[in-house]
Number of protein chains: 2
Amino acid sequence: MMAAHSKLWYLQRFRLLDAMTEPQRRMIEKMTRMLEVKRGQRIYMTGDPSDQIFLLKVGVVKISTIGSDQQETILAFLYPGDIFGELAIVEESPRDHIATAHEDVVLCALNRDLLLRTAQETPALGYQITKIMGLRIRRFRTRIEQLLCKSAQERIAHTLLDLANDYGIQDDQGILIPLRLNQADLGNLVGLARETVNVVLQDFRQRGLVEAGRRNIRITDPARLRAVS
Amino acid sequence: MMAAHSKLWYLQRFRLLDAMTEPQRRMIEKMTRMLEVKRGQRIYMTGDPSDQIFLLKVGVVKISTIGSDQQETILAFLYPGDIFGELAIVEESPRDHIATAHEDVVLCALNRDLLLRTAQETPALGYQITKIMGLRIRRFRTRIEQLLCKSAQERIAHTLLDLANDYGIQDDQGILIPLRLNQADLGNLVGLARETVNVVLQDFRQRGLVEAGRRNIRITDPARLRAVS
DNA sequence: GGCCAGGTGTGAGGCGGATCACAAAGCGAA
DNA sequence: TTCGCTTTGTGATCCGCCTCACACCTGGCC
């Protein structure tokens, strides 16, 4: 399982620019705006025009929406190598979600038209984008499954394992999820109240499945945690 | 809103093969297996090899998974013009979901390698695929939002409107959802018990928002239904 | 140090939806 | 038509999660 993950991780993280020749890469590099965004700042907002695609280099980006009741729902966390705002490729309709820097972030803003033009010249580039989007589809699909598998325990267990699978750092203590994630955020991610998240984590901790620090979460017993979900 | 929908619908339905030249199209046509599948039959199953991409020509396909408790969860319904099994483009790992003919279906099976080769020669084809995948991402995203917006009423209202938006047929009586959809299926789609779906639909009916026949559902008052969700 | 703010821990009470158990109403096939 | 099966309709009961209401802890800032 970890092998498969590594492969995906690799594909996703390093292959986008590989597909291009050196001069093309340099051209892209030149036509690209580099951005730094501080933790908590907006990158774009619902309703903004979709004329750019972003490539995340450093940090963590949170993709979310705000419901009519001002309730935030977190759609995904993105890590270095991910692209986002990629719906701009498909159509120019305004953004339907919010992108926020969840940690300090460095990213590239690619102009939509430029990207499309370049992709036409180098099919491999288009293929890489397609691949990344395919991975995103797969991730969303598993999230939908999670949300439909009902109990709070299952949802949280499943979500933690997914996060660990996508971004986790394995060491001798277990798998560390390198994501500043408080219980409220976790709640928004899985659609549970903060208090419920608390009791579930408490329970997992007592059973020796996870260690939940204030800052981040470590899965100490992935096998037994998987049995829960 | 209906205008935007029509555009998407059109793009999605007719543009995949448009991108190719006539000889290429003929080549594809030749290398393609045409399939007919009867209502209720499997197209592929979890664990099957992912060496084909399918293009839905006629009918409705149901994408679903079976949880560990034998509970079916419906991920999506697909209509003519949709492609599915598209994760085969990204990687060869086995299918992680089930595709079933929800109505009698006619479809094209495209060999993975052939498609990739052709896409390399005609970048426009790759671009069309990317677009279709983008639309799929957007749809999954809205589904996640739905599942997180909690109450049964909201979820059902939202889902019906989405179905109407994607596939609905507008006439003077309202918008008809041309999908054989019983209450149990609707429940699996939104993660609710069949009985709950029943009472909600009952309520909607009494308020004059929908007419729910045994076979299909008609939204008689989209505006007020939207106000619910 | 002392104070505030954001995060965590925990209980009481209520409500929404699941589950169970049927009844009734089409629908399809013989 | 008749029988059986699928689908819909409806109530009783139960349980899980939400809500609200706090106390506590910890880190950052003055």
Side-chain angles (χ1 to χ4, degrees), chain A residues 38-40 62 67 69-74 100 102-103 146-160 177 179-207 210-218 228-229, chain B residues 38-40 62 67 69-74 102-104 146-160 177 179-207 210-218 228-229:
Chain A
K38 286 288 165 200
R39 170 177 166 76
K62 180 178 70 177
D69 51 351
Q70 300 304 311
Q71 172 70 13
E72 176 182 36
T73 70
I74 298 177
T100 318
H102 191 251
E103 300 287 357
Q146 276 171 37
L147 294 177
L148 288 173
C149 91
K150 287 167 291 251
S151 94
Q153 289 217 353
E154 288 168 306
R155 275 151 81 156
I156 291 178
H158 210 129
T159 300
L160 291 179
I177 298 173
L179 180 58
R180 185 171 180 152
L181 192 63
N182 62 29
Q183 299 179 346
D185 282 341
L186 191 50
N188 290 335
L189 196 57
V190 296
L192 293 172
R194 199 221 87 221
E195 295 89 330
T196 308
V197 174
N198 186 318
V199 302
V200 171
L201 283 183
Q202 214 70 346
D203 179 49
F204 284 173
R205 213 177 302 181
Q206 278 167 21
R207 291 203 266 159
V210 306
E211 285 167 10
R214 181 166 292 263
R215 269 294 132 86
N216 38 34
I217 296 178
R218 170 186 299 282
V228 171
S229 71
Chain B
K38 285 288 165 202
R39 171 176 165 77
K62 180 179 68 178
D69 51 351
Q70 299 304 312
Q71 173 70 13
E72 175 181 38
T73 70
I74 298 177
H102 190 250
E103 299 288 357
D104 288 357
Q146 275 172 37
L147 294 177
L148 288 173
C149 91
K150 288 167 287 256
S151 94
Q153 289 217 353
E154 289 168 306
R155 275 151 81 155
I156 291 179
H158 209 131
T159 300
L160 290 179
I177 298 174
L179 179 58
R180 185 170 180 151
L181 192 64
N182 61 30
Q183 299 178 347
D185 283 340
L186 191 49
N188 289 336
L189 195 56
V190 296
L192 293 173
R194 199 220 88 224
E195 295 89 331
T196 307
V197 173
N198 186 319
V199 301
V200 171
L201 282 182
Q202 214 71 344
D203 179 48
F204 285 173
R205 213 178 301 182
Q206 277 165 22
R207 292 204 267 159
V210 306
E211 285 167 10
R214 181 167 290 265
R215 267 294 133 88
N216 38 34
I217 296 177
R218 169 187 299 284
V228 171
S229 72

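Protein chains get the first letters and strands the later ones, always in sequence-line order, with residue 1 at the start of each. Treat the numbers as computed from the prediction; the structure is a model and nothing was measured.
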- Query: Can you name the side-chain hydrogen bond (donor to acceptor under 3.5 Å, both in side chains) partners of B/Glu103, sequence neighbours left out?
  - Reply: none
- Item | A/Phe204 CZ to C/dG9 P, straight-line distance once rounded to whole Å | 14 Å
- Grab the CD1-P distance between A/Ile217 and C/dG7 for me, whole Å please. 14 Å
Check: protein-nucleotides 17-26 of chain C nitrogen or oxygen pairs below 3.5 Å:
| unit_1 | atom_1 | unit_2 | atom_2 | d |
| --- | --- | --- | --- | --- |
| C/dG17 | OP1 | B/Ala152 | N | 2.8 |
| C/dA18 | OP1 | B/Ala193 | N | 3.0 |
| C/dA18 | OP2 | B/Ala193 | N | 3.1 |
| C/dA18 | OP2 | B/Thr196 | OG1 | 2.3 |
| C/dC20 | N4 | B/Glu195 | OE2 | 3.1 |

- Task: Please identify each residue that fulfils salt bridge (Lys or Arg N to Asp or Glu O under 4.0 Å) with B/Glu72, with sequence neighbours left out.
- Result: B/Lys62
- Query: Reading DNA chain D 5' to 3', which nucleotide is the first, and which the last, to come under 4.0 Å of any heavy atom in chain B?
  - Reply: D/dT7 to D/dT10
- Task: Note the angle between the end axes of the helix from C/dG1-D/dC30 to C/dA30-D/dT1, five pairs defining each, rounded to 10 degrees.
- Result: 40°
- Task: List in chain and number order the residues that pass side chain to side chain contact (heavy atoms under 4.5 Å, CB included) with A/Thr159, two or more places apart in sequence or in another chain; answer none if no residue qualifies.
- Result: A/Gln146, A/Leu163, A/Leu186, A/Leu189, A/Val190
- Item | Within residues 184-197 of chain B or reaching into it, pairs that qualify as salt bridge (charged side-chain N to carboxylate O under 4.0 Å, His left out) - sequence neighbours excluded | none
- ring-ring contact (aromatic ring centres under 6.0 Å, His included) partners of B/His102, counting only residues at least two apart: B/Phe77
- Tell me, please, which residues at least two apart from B/Thr73 pass side-chain hydrogen bond (donor to acceptor under 3.5 Å, both in side chains). B/Thr65
- Task: Using a strict cut-off of less than 4.0 Å between a Lys/Arg side-chain nitrogen and an Asp/Glu carboxylate oxygen, indicate whether B/Arg39 and B/Asp104 qualify as a salt bridge.
- Result: no
- Query: At under 4.0 Å between heavy atoms, what does A/Arg205 touch on the DNA or RNA strands: base, sugar-phosphate, or nothing?
  - Reply: sugar-phosphate
- Looking at residues at least two apart in the chain, or sitting in another chain, which of them share a side chain to side chain contact (heavy atoms under 4.5 Å, CB included) with A/Asn216? A/Leu176
- Task: List in chain and number order the residues that pass side-chain hydrogen bond (donor to acceptor under 3.5 Å, both in side chains) with B/Arg207, two or more places apart in sequence or in another chain; answer none if no residue qualifies.
- Result: B/Gln153, B/Asp203
- Item | For A/Arg180, all residues meeting salt bridge (Lys or Arg N to Asp or Glu O under 4.0 Å), sequence neighbours excluded | none
- Task: Send over the distance from A/Asn198 CG to C/dT8 P, rounded to a whole Å.
- Result: 8 Å
